[in-house]
2 protein chains.
Amino acid sequence: MSSLKPLVQEAAPLRRKISASLREAMTNGSLPPGTRLVEKDLCQDLGVSRTALREALRELEAEGLLERGTRGVMVAGVTPDEARNVYAVRAALEGLVAEQFARQADEQDFAALEAVVAALSTAYRAEDFPAILSEKDRFYEVLCLGARNPVVHDLLTRLNSKINRLRSLSRSNTDRGPQSLREIEAIAAALRTRSPELSRAAAVAHVERAAEAALKFEDALAKPDAA
Amino acid sequence: MSSLKPLVQEAAPLRRKISASLREAMTNGSLPPGTRLVEKDLCQDLGVSRTALREALRELEAEGLLERGTRGVMVAGVTPDEARNVYAVRAALEGLVAEQFARQADEQDFAALEAVVAALSTAYRAEDFPAILSEKDRFYEVLCLGARNPVVHDLLTRLNSKINRLRSLSRSNTDRGPQSLREIEAIAAALRTRSPELSRAAAVAHVERAAEAALKFEDALAKPDAA
DNA sequence: TTGATATTATTGTCAGACAAAAGGGGAGGC
DNA sequence: GCCTCCCCTTTTGTCTGACAATAATATCAA
């Protein structure tokens with residue numbers, strides 16, 4: 001009886017769908033940073049009551065995706081400084097889970113790792129950006145699973161949602177796809193050696209390169225007056 | 001005109017007071033892990049409407065302090081594994097900000113550091129546990145401020161709120177007050193040398209010792225059947 | 001005791017209401 | 001013309017009451 005599927009029931013409360021919808025709109029750019037969210041308008045657009053909408057807003061606010069203005073909430077932006085810090089934190093956290101994975105993962109975890117790296121490889125080659133992002137998230141999920149560290153997974157998810165827009169923008173505007181894929185394969189290779197030090201180094205290196213690309217891109221975005 | 005006080009206005013929305021009250025109840029033990037939160041009861045106890053209460057619940061839920069049961073929410077507990085991971089993450093994050101502080105702090109930041117270390121020293125000597133906890137939080141705030149890294153401050157606050165109960169329990173039941181104070185002074189001393197490596201090491205060491213104490217204590221809590 | 005069924009309790013959502021505060025805009029003063 | 005003050009509108013924060021859906025519980029039958 002150990003091979004029964006978890007049987008996930010999809011009883012998503014309405015507010016969860018609302019927050020998911022808003023999150024999506026924020027990352028895909030239809031709700032750019034600084035946009036004021038007016039409850040009545042959103043209610044009409046989404047066809048829901050203010051009660052449910054406001055609960056969704058509280059969730060997003062607690063996640064840091066919205067910030068309070070003088071009146072109500074607005075879409076939170078990411079300053080270059082903030083982005084830099086987010087990447088620094090990601091480096092620290094991903095280094096940690098890589099280390100833990102190297103120490104604690106079993107064969108099943110490694111199998112999952114192979115699978116997701118393969119999927120990523122396919123997505124990269126197809127230049128399917130949405131797929132790349134979601135497979136990347138899956139990659140971190142597998143990593144944290146093998147590291148037996150759901151705490152980090154939670155934090156990474158939160159951090160990534162903050163810089164998701166930046167991620168997708170920089171990904172489609174820079175050309176480091178193959179580079180990125182190679183780095184990820186390097187992480188997987190390091191993990192297979194079971195060396196905590198090598199694994200950590202590979203993970204940190206990957207984040208640092210990604211940070212470099214994304215920040216260069218954002219700097220260009222932040223000061224278009226320099227043109 | 002640079003020395004005007006910020007004049008923090010206390011326009012706390014009701015839901016914020018509610019979530020603060022519940023948080024407090026959770027850390028001080030009057031709402032132990034596993035407790036089911038029944039909306040109607042809470043409304044009566046707090047004297048607020050369900051609307052406001054539910055928004056507060058969504059905030060706490062997003063913070064990870066509450067988890068969904070089959071029906072409604074319950075107070076989230078912290079398993080020993082989870083606690084271990086939280087401490088591992090704290091070590092990584094506090095090491096990072098210590099490094100950043102050593103690199104980027106100015107005289108003002110160092111002055112604030114001295115001040116909070118002095119306050120901590122007083123609190124420790126007086127064995128004033130609530131004061132210790134709040135000064136400790138302040139210590140991290142100063143650290144992150146000097147490190148120019150509000151992102152980490154946010155994450156640390158979140159993590160700490162999860163293990164706050166554990167922190168206060170283990171603090172009043174173990175006897176590592178003087179030890180802890182010495183470690184903190186060691187961090188401050190390392191920061192003064194401006195050496196990123198020394199600072200990181202001191203910060204990491206402190207978290208690791210705290211983890212050791214807290215986890216030993218929690219293990220004892222988790223299996224009282226072994227007696 | 002077990003199994004099926006009725007009852008109750010509780011959540012998720014809605015609609016409508018209101019005070020309070022923020023914002024905007026125009027009238028009047030300079 | 002520009003600034004200030006006041007009024008009006010908009011928007012939020014909160015409350016009340018309602019309802020369907022469903023989980024928990026009690027009730028009854030076999």
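In what follows, every chain begins at residue 1, and chains take the letters A, B, ... in the order their sequences are listed.
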Exercise for the section: For residues Leu166(A) and Val86(A), determine if any side-chain heavy atom of one lies less than 4.5 Å from a side-chain heavy atom of the other. Expected result: no
Given [N], is OP1 or OP2 found less than 4.0 Å from the side-chain N or O atoms of [X]?
| X | N | value |
| --- | --- | --- |
| Arg15(B) | dG13(D) | yes |
| Thr70(A) | dA21(C) | no |
| Arg54(A) | dG13(D) | yes |
| Arg68(B) | dG12(C) | yes |

Practice task
Applying side chain to side chain contact (heavy atoms under 4.5 Å, CB included), name anything that partners Ala20(A), two or more places apart in sequence or on another chain.
Solution key: none
Distance, rounded to the nearest Å, where [X] contributes [atom1] and [N] contributes [atom2]:
| X | N | atom1 | atom2 | result |
| --- | --- | --- | --- | --- |
| Met74(B) | dT11(C) | CE | C1' | 16 Å |
| Arg71(A) | dA22(C) | CZ | C1' | 4 Å |
| Arg50(B) | dG17(D) | CZ | C1' | 11 Å |
| Glu55(B) | dC14(C) | CD | P | 14 Å |
| Leu14(A) | dC19(D) | CG | C1' | 16 Å |
| Leu57(A) | dG13(D) | CG | P | 9 Å |
| Leu53(A) | dT11(D) | CG | P | 14 Å |
| Leu66(B) | dT11(C) | CG | C1' | 15 Å |

Practice task
Give Thr51(B) one of three labels, base, sugar-phosphate or nothing, depending on what nucleic acid heavy atoms sit under 4.0 Å from its own.
Solution key: base
Practice task
Assign Arg16(A) to base, sugar-phosphate, or nothing according to its heavy-atom contacts below 4.0 angstrom with the strands shown.
Solution key: nothing
Problem - Side chains of Asn160(A) and Arg90(A), donor plus acceptor under 3.5 Å - result: yes
Problem - Heavy-atom neighbours of Glu67(A) CD exceed 12 at 6.0 Å - result: yes
Problem - NZ/NE/NH1/NH2 to OD/OE distance under 4.0 Å, Asp137(A) and Arg167(A) - result: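 Judged by the 4.0 Å cut-off on N to carboxylate O distance, Asp137(A) and Arg167(A) do form a salt bridge.
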Problem - Salt-bridge contact Arg158(A)-Glu63(A) (side-chain N to carboxylate O under 4.0 Å) - result: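 Answer for the salt bridge query: no.
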Handout entry: Contacts of Phe110(B) that satisfy ring pair (Phe, Tyr, Trp, His ring centres under 6.0 Å) - sequence neighbours left out
Key = Phe101(B)
Handout entry: Those residues of residues 31-42 of chain B lying under 4.0 Å from DNA chain C by at least one heavy atom
Key =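 Arg36(B), Leu37(B), Val38(B), Glu39(B), in order of number.
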